[in-house]
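Reading through the structure tokens given below for one structure.
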Number of protein chains: 2
Amino acid sequence: MKKVSLGGCDRANPVLPFGFWLPRKLVEGRMYTWNDKPYRCPVEVAFAAVGGKWKCLILWHLHLDKMRFKELERVVPGVSQKMLTQQLKEMERDGLIVKTVFPEVPPKVEYELTERGHSIFPILEQMHGWAIAQFDLKKSAEDE
Amino acid sequence: MKKVSLGGCDRANPVLPFGFWLPRKLVEGRMYTWNDKPYRCPVEVAFAAVGGKWKCLILWHLHLDKMRFKELERVVPGVSQKMLTQQLKEMERDGLIVKTVFPEVPPKVEYELTERGHSIFPILEQMHGWAIAQFDLKKSAEDE
DNA sequence: CCGAATCCCAACTGATACTG
DNA sequence: CAGTATCAGTTGGGATTCGG
């Protein structure tokens, strides 16, 4: 039962997540705004940025190398064009990836990670290790 | 543009997220099963476990100390009874928290983190730091 | 005090068809 | 090749009511 030091926090004056402290009345309202939406904690912002349905897979592939749209569609199993477009747009808006359009026929578009996009990778790797260790995950497909 | 070592991975034989490698045909199917649902990557399992709408706030408060249902309702701003119950149940099922029911009138129920629940905390703290650093988050409420 | 059960609306997701 | 547009199905979440 580890405790974190909080310097006089009590339940009547609740603390805010992860090192922040505010008196009660401020806890009631919204705390952070990101992309025009309210969040109660920066961790929620992080989840919103990289926790989308296909985002961790996309991030992982782009961490290896830049890729074209069609390549991503192939290596992210089960994603639809619509969802892939949507998730890529969001991550571009959030500064995680950059898109390069080549003025050619047929069109060619490449996606690659920004520094910010690369910077989340160590955390994703830790989540990977945590999930493997805690939940004893096994592959359900079988090699043959 | 950092690269991770992959030992001969190419796009025709795509690798799987975060250190796993599988031939193409296996990429097509599901890879992991958790709570009877398919996931393509352990990171997705981690997000499913702790990425729920209110879970990081609940985890944070329970990391400080065990709490009763009503206390949690008070310190998690905006949560409804239904959602609080639902999220607590999921995390109990996933072994992140334990519930203790005291046979009293009126009822008394306490929630506290398990070892597994505590073990995710360092990762959440890193996500907190990452979001703060990357997105320049500011509190939208004002102290006075 | 601690929920379970129900209803209902909004958001998300997928399939399909179409375009430059 | 790299998207957009549209529609339909599913899920998520809030409000309310009821029970132990």
Side-chain angles (χ1 to χ4, degrees), chain A residues 11 28 30 34-40 44 47-58 61-62 66-94 97-112, chain B residues 11 28 30 34-40 44 47-58 61-62 66-94 97-112:
Chain A
R11 294 300 175 195
E28 308 299 332
R30 70 169 71 165
W34 186 66
N35 287 328
D36 299 321
K37 287 195 276 190
Y39 295 89
R40 293 161 296 270
E44 293 184 333
F47 274 107
V50 301
K53 186 168 185 188
W54 310 91
K55 287 183 182 176
C56 83
L57 287 174
I58 296 171
H61 282 292
L62 291 183
K66 62 187 159 195
M67 294 183 78
R68 301 180 59 171
F69 186 87
K70 205 64 176 179
E71 292 180 295
L72 280 170
E73 200 178 354
R74 265 193 295 271
V75 298
V76 178
V79 73
S80 65
Q81 271 195 346
K82 174 188 167 182
M83 287 309 298
L84 184 53
T85 302
Q86 185 187 103
Q87 305 274 293
L88 286 170
K89 268 190 176 172
E90 287 182 15
M91 291 199 289
E92 190 189 4
R93 176 202 62 192
D94 300 335
I97 64 181
V98 285
K99 174 165 114 173
T100 308
V101 180
F102 296 87
E104 304 173 4
V105 177
K108 175 179 170 182
V109 179
E110 277 186 349
Y111 294 91
E112 61 185 315
Chain B
R11 293 301 175 195
E28 308 299 332
R30 70 169 71 164
W34 185 66
N35 287 329
D36 299 321
K37 288 197 275 190
Y39 294 89
R40 293 161 295 270
E44 293 183 333
F47 274 107
V50 301
K53 186 169 184 189
W54 310 91
K55 286 185 182 176
C56 83
L57 287 175
I58 297 171
H61 281 291
L62 291 183
K66 62 187 160 195
M67 294 183 76
R68 300 181 59 172
F69 186 87
K70 206 65 177 179
E71 291 180 297
L72 279 170
E73 200 178 354
R74 265 193 295 271
V75 298
V76 177
V79 71
S80 64
Q81 269 196 348
K82 173 187 169 181
M83 288 309 299
L84 185 53
T85 302
Q86 187 187 102
Q87 306 274 294
L88 287 170
K89 262 191 178 173
E90 288 181 14
M91 293 198 289
E92 189 188 4
R93 175 202 62 194
D94 300 336
I97 63 180
V98 285
K99 174 165 110 175
T100 308
V101 181
F102 296 86
E104 304 174 2
V105 177
K108 175 180 171 183
V109 180
E110 277 187 351
Y111 296 90
E112 60 186 315

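- Here the straight-line distance linking atom CG of A:Leu84 with atom NZ of A:Lys82 works out to 13.0 Å at 0.5 Å rounding.
- One can place CD of A:Glu73 at 13 Å from C1' of C:dG14, the figure rounded to the nearest angstrom.
- The CD atom of B:Gln87 lies 10.0 Å from the CD1 atom of B:Ile97; values are rounded to the nearest 0.5 Å.
- Each of B:Met83 and A:Leu88 was assigned the nucleotide of DNA chain D with the nearest heavy atom; the assignment lying further toward the 5' end belongs to A:Leu88.
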Between N or O atoms, less than 3.5 Å apart, protein on one side and nucleotides 8-10 of chain C on the other: list the pairs.
none

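- Within the 4.5 Å cutoff, side-chain heavy atoms of A:Leu88 are placed close to those of A:Leu72.
- With contacts defined as side-chain heavy-atom distances shorter than 4.5 Å, the pair B:Asn35/B:Asp94 qualifies.
- Salt-bridge formation is detected for the pair A:Lys70/A:Glu73: a Lys NZ or Arg NE/NH1/NH2 atom is positioned less than 4.0 Å from an Asp or Glu carboxylate oxygen.
- Remark: C1' of C:dA5 and CD of B:Gln86 are 13 Å apart, rounded to the nearest angstrom.
- Of the possible polar contacts, one joining the A:His61 side chain to the A:Val75 backbone as a donor-acceptor pair under 3.5 Å is found.
- Atom P of nucleotide D:dG19 and atom CD of B:Gln81 are separated by 16 Å, given to the nearest angstrom.
- Going from atom OH of A:Tyr111 over to atom C1' of D:dC1 covers 11 Å, rounded to whole Å.
- Computed from C1' positions of five pairs at each end, the angle between the two local axes of the helix from C:dC1-D:dG20 to C:dG20-D:dC1 equals 40°, rounded to 10 degrees.
- Using cut-offs of 30° and 60° on the angle between ring planes, the pair A:Phe47 and B:Phe47 is perpendicular.
- Taking only side-chain nitrogens and oxygens, A:Lys108 never comes nearer than 4.0 Å to OP1 or OP2 of D:dG3.
- The distance between atom CD of B:Gln87 and atom P of D:dG13, rounded to the nearest whole Å, is 7 Å.
- Using a 4.0 Å cut-off, some side-chain N or O of B:Lys89 falls inside it from OP1 or OP2 of C:dA4.
- The distance between atom CD of A:Glu71 and atom P of D:dC1, rounded to the nearest whole Å, is 10 Å.
- The nucleotide whose nearest atom lies closest to any side-chain atom of B:Lys70 is, among C:dC1, D:dT4, C:dA4, C:dC1.
- How far CD of A:Glu110 is from NZ of A:Lys99: 13.0 Å, rounded to the nearest 0.5 Å.
- When the P atom of C:dG3 is taken as reference, atom CZ of B:Phe102 falls 12 Å away, rounded to whole Å.
- An OP1 or OP2 oxygen of C:dC2 is reached within less than 4.0 angstrom by a side-chain nitrogen or oxygen of B:Arg68.
- Atom-to-atom, NZ of A:Lys53 to P of C:dC12 comes out at 13 Å; the value is rounded to the nearest Å.
- The side chain of A:Pro107 lies closest to D:dA2, out of D:dA2, C:dG14, C:dC2.
- When distances run from any side-chain atom of B:Pro106 to the nucleotides C:dG3, D:dT4, C:dC1, the shortest one goes to C:dC1.
- Put simply, B:Lys99 has a side-chain N or O that comes within less than 4.0 Å of OP1 or OP2 on C:dG3.
- Remark: side-chain polar atoms of A:Glu44 are paired, donor with acceptor, to backbone N or O of A:Arg40 under 3.5 angstrom.
- Scanning both residues, B:Tyr111 and B:Leu62, for their nearest heavy atoms gives O-CD2, 3.4 Å.
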